[in-house]
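I have placed the structure first, in the form of structure tokens, so that the comments after it can refer back to it.
Whatever order the structure lists ligands and atoms in, that order sets their numbers, starting from 1. We count residues from 1, following the sequence as given.
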Amino acid sequence: MVATEELKAVLGRASCAPRALSPADMAFLLALESPEDESALFAAAYALKVGCCGKGVAVRGLVEAGNVCAKDCLYCGIRRSNRSVERYSLAADEIVAAAAEAKSLGYASLVIQSGEVEGDAHARFIEDILRRIAPLDLGVTLSLGEQTEDVYARWRAAGATRYLLRIETSNPALYARIHPADCSWERRLECLRALRRTGYQVGTGVMIGLPGQTLDDLAADIRFFGEMDVDMIGMGPYIPHPDTPLGKAAPAMADERRLALGLRMIAVARLHLHDVNIAAATALQALAADGRERGILAGANVLMPNVTDPKYRSRYRLYANKPCLNETAALCRGCLDRRLASIGEHLLYGRRGDSPHYHRRTEND
Ligand code: SAM
Ligand code: SF4
């Protein structure tokens, strides 16, 4: 069986020009379920990934810098109220060592991620690390949550070039259902605007398969990415954590369905946005061993293997079944090389892999 005429027409239109999908087109693509239709969707998105970002997969070493968090998001395993978590914060030397290891493995970019810590001492701590790793000449992405514009600007001046802050959902009512009252969707939006003003390559994303989330919500998420004109997308399936209010309250959609929806979101985001960087999130791998490779074949072009010392990894557990808990960074790299070779892809060693969209939108500045 081949893809229907309607599907072929939508895919053809999307492939010709960015931002060509209507909300109804997106919801139609996100609802596809037959293997033939999904194959046609993924093939079109993968062809666009190769056309806009080239063959090969950009790689960032991921440092999970600490699991201390001031926030209490209802879905997250390291939320401040989870008393069963053994808290840690990497020392500056440990983060610098992880950055050096990433460099020695041939990764030209790094992501530093942690729970949310505000205040001047923490801002200075990160600034100091950024200055210490500057000689390594890595592209540095931060994912350190909501901060003041001044702090974002200081970190940018100290060498960070990209920032990932997921909006989690573009639907403020759904956001309110999965966060406590002291979290504000509007503040998160304002942070994304502040990041853009301070000159970062800005990334955002959502969780996919949240209880109560509809296909129209997900279509609106992709529209939101376009309207915010973001450079990078980091999104992945929601995975319940048993020690969280949301994990206890609501049964999640079956793993295979959530994975399939996560892959379709990648494909539709690629078809709508064309030249942004899209990561194949680790959460895909938590749902299926080959989840990340399937993410690449659905149109993602970035992978973020963990370079954190394995002794800390089990403590940075956002959701159940976190993969690669005991693997060293070198083992992760070997595994990824083999997995990507099996789908005719490869890691782009020695290349920073900046967002083509960022370069395009700033070339006339
Ligand atoms: N604290 C920072 C923040 O929230 O922006 C950065 C680290 S936070 C752990 C990174 C992302 O983890 C969040 O944006 C959220 O989407 C994701 N996350 C947390 N709990 C999750 C879960 N149960 N399933 C899937 N993703 C989850
Ligand atoms: Fe903290 Fe981020 Fe988890 Fe929310 S998602 S509890 S801000 S680490």
Should [X] and [Y] count as an ion pair when the cut-off is N to O under 4.0 Å?
X: Lys322; Y: Glu64; answer: yes
X: Lys311; Y: Asp309; answer: yes
X: Glu146; Y: Lys71; answer: yes

What residue and heavy atom of the protein are closest to [atom], and at what distance?
atom: atom 2 (C) of ligand 1; result: Ser114 O, 3.5 Å
atom: atom 17 (C) of ligand 1; result: Arg166 NH1, 3.6 Å
atom: atom 9 (C) of ligand 1; result: Leu318 CD2, 3.4 Å
atom: atom 20 (N) of ligand 1; result: Tyr75 CD1, 3.4 Å
atom: atom 10 (C) of ligand 1; result: Gln113 NE2, 3.8 Å
atom: atom 23 (N) of ligand 1; result: Ile239 O, 2.7 Å

Query raised in the report: Which residue pairs pass the ring-ring contact (aromatic ring centres under 6.0 Å, His included) test when at least one of the two sits in residues 75-110, sequence neighbours left out?
Result: Tyr75-His179, Tyr88-Tyr312
Determine whether [X] and [Y] make a side-chain contact, defined as any pair of heavy atoms from C-beta on separated by less than 4.5 Å.
X: Leu192; Y: Val202; answer: yes
X: Leu273; Y: Pro18; answer: no
X: Pro305; Y: Arg333; answer: no

Side chain, backbone, both or neither: which applies to [X] and ligand 1 if a contact is any heavy-atom pair less than 4.0 Å apart?
X: Tyr316; value: side chain
X: Lys71; value: neither
X: Glu146; value: neither
X: Arg188; value: side chain
X: His241; value: neither

Hey, is [X] one of the residues with a heavy atom under 4.0 angstrom from ligand 1?
X: Pro240; value: no
X: Cys73; value: no
X: Ser143; value: yes

Query raised in the report: What protein N/O/S atoms sit under 2.8 Å from atom 3 (Fe) of ligand 2, by chain and number?
Result: Cys76 SG
Checking [Y] against [X]: is there a side-chain donor and acceptor pair closer than 3.5 Å?
X: Arg270; Y: Asn301; value: yes
X: Asn171; Y: Thr169; value: no
X: Asp150; Y: Thr148; value: no

Report task. State whether the side chain of Arg132 and the backbone N or O of Val96 hold a donor-acceptor pair below 3.5 Å, judged by distance alone. Result -> no
Query raised in the report: Hey, does the side chain of Arg162 reach the backbone of Gln201 with a donor-acceptor pair shorter than 3.5 angstrom?
Result: no
Query - Aromatic ring pairing Tyr163/Trp155, orientation class (parallel under 30°, perpendicular over 60°, tilted between) - result: parallel
Requested in this report: Check ligand 1 against Pro237 and write out every atom of the ligand that is under 4.0 Å from a heavy-atom position of the residue.
Outcome: 25 (C)
Query - atom 2 (Fe) of ligand 2 touched by protein (heavy atom, under 4.0 Å) - result: no
Report task. Provide the closest heavy-atom pair for Gly236 versus Ala281 in the form atom of the first, atom of the second, distance. Result -> CA-CB, 4.1 Å
Query raised in the report: With respect to atom 26 (N) of ligand 1, which of Lys322, Glu168, Met207 exhibits the smallest heavy-atom separation?
Result: Met207
